[in-house]
Amino acid sequence: MDVFSSLMDGFATALTPMNFLYAVIGVVLGTAVGVLPGLGPAMTVALLLPVTYVLEPTSAFIMFAGIYYGGMYGGSTTSILLNTPGESSSVVTAIEGNKMAKAGRAAQALATAAIGSFVAGTIGTALLAVCAPIVVKFAVSLGSPSYFAIMVLALLAVTAVLGSSRLRGFASLGLGLAIGLVGMDSVTGQARLTFGQPLLSDGLDIVVVAVAIFAVGEALWVAAHLRRTPLHIIPVGQPWMGKEDWKRSWKPWLRGTVLGFPFGALPAGGAEIPTFLSYVTEKRLTKHPEEFGKGAIEGVAGPEAANNAAAAGTLTPMLALGLPTNATAAVMLAAFTSYGIQPGPQLFESEGPLVWALIASLFIGNFLLLVINLPLAPLWAKLLQLPRPYLYAGILFFATLGAYSVNLQAFDLVILLVLGALGFMMRRFGLPVLPLILGVILGPRVEGQLRKTLQLSAGDPAGLWSEPIAVGIYVVVAIILAWPLLLKAWRRSRPQAEPAFAGMHATPEADPDRTDAGGANAQPFDDRDMDTTTNTAAGRQERP
């Protein structure tokens, strides 16, 4: 009953005329930016982050809720119409969705993606409202050793499990931790990595870092591979579904939701694994196996529902523990810290009205997406025809304006360009972006918990594993680090098996100008190329 009454209070706040207007603006902005090729939800939120600085926190986060879900919706539109996933979790949607579009069923593909997103998002948000307070009650009982272990697990799991290369993942994490060290030591007052520059004493603003790595780095990467041939966009009418489409879609929506939410809430879950599992499940359960690989509607409905349920799931550890599990959640955590709000177990007590208004606005934004975007689907298709030189020039302009507006310091523009060049180089050499962002955000918090733990134990390292939960987490960390060796030994002990997802690779057409999510020219999708720890498929081969 406490959850229900708090949620009703949240709806009362979110449905005030001004806050409702911000929800509408967030949904439209998020979809408009998210639907453009190569711009996933994380980059959408990072790019629009400075826009909310003039708002008070509740209105800002209500707008963010719309941007977040709008960016997720826009990614499915790009995947279906262009076969260009805005993020790695949309790759599976592109497999069947683009085939449906080529077969003249773009309207049905967009409709099942939109309605599936609404169903999964609504159920996932309801689970968030129920589960987050339970996680908070558990988290309050944890001490500093357990918190430190959980943060180490989050950093290592996201870096080592989801990346295409563990070495590159840890290199990216090291860069992020180094950037997080810039500034004055909070205990000793010693300057760290400031290079004698007083403006670096307060550290690097996470908003500037996020905008530089996501927006500027992506724009530079796309510009390096840009051709002027226009994109070939499949025309689309008003999205609609027939009786048979509804019959074949509703079960995949529910199954995708069940798969997506738990994986989204895990420290190393993400949306990639449940979308693949949903695709495989629907392929095995379908009564129309001959359509898979040629445009099966179940192959769009299930993965898209799993993707959006996982998006709701990622907010559970982010709000309750202050731990982001994907790039978009990391940028939203940056938004909290920019307002001086620290997500974690105390958030529901210290900022209860704001949190419940945010959760209520997720329901509202989800509904607005369905009502607004189904009629606007033809408009979004036309938006894809925007010339990309103009598009990325606009991105750089807004990124520069947003970075300058944070502190009104020209020095931030220098930092923006330097880190933007770093983001470009990371994409060039295949380093995932998410570990860097997590390192910047969580690094100082990990350091703080480590110091507190050692102070409580009078400097004895045994204090790090003085709680049973911490010991259990360190066992999981050891398994994660040893997993590649165990897997290699297991493969040597058995005959070579058929790949689990053989035949599932998306095959974008050889359009010389088409770009994939990372800005490189589209190539047949390969598991080794997919970098699941960032909203771009970084690490593709450079154009000859």
Intermediate values then yes/no, side chain to side chain donor-acceptor pair (under 3.5 Å), T93 and S79
CA-CA 7 Å; T93 302; S79 297; 5.7 Å; no
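- Considering CZ of F336 and CD1 of I341, their distance stands at 6.5 Å, rounded to 0.5 Å.
- Ring geometry for Y339 versus F61: interplanar angle of 30 to 60°, hence tilted.
- A distance of 9.0 Å separates CG of L315 from CZ of F261, quoted to the nearest 0.5 Å.
- Rounding to the nearest 0.5 Å places CD1 of I473 at 4.0 Å from CD1 of I150.
- Summarising the geometry, atom CH2 belonging to W246 is positioned 10.0 Å from atom CD1 belonging to I297; distances are rounded to the nearest 0.5 Å.
- E351 meets the salt bridge (charged side-chain N to carboxylate O under 4.0 Å, His left out) test with no other residue; sequence neighbours excluded.
- Counting only heavy atoms from C-beta outward, the side chains of L110 and V300 never approach each other to under 4.5 Å.
- Nearest heavy-atom pair across V3 and W356 is CG1-CH2, 3.9 Å.
- Checked against side chain to side chain contact (heavy atoms under 4.5 Å, CB included), F367 has the following partners two or more places apart in sequence or in another chain: F118, V371.
- Taking the six-membered ring for Trp and thresholds of 30 and 60 degrees, F363 and F11 have ring planes inclined between 30 and 60 degrees apart.
- Considering OG of S117 and OH of Y69, their distance stands at 10.0 Å, rounded to 0.5 Å.
- For the atom pair E56 CD and M18 CE, the distance stands at 10.5 Å (nearest 0.5 Å).
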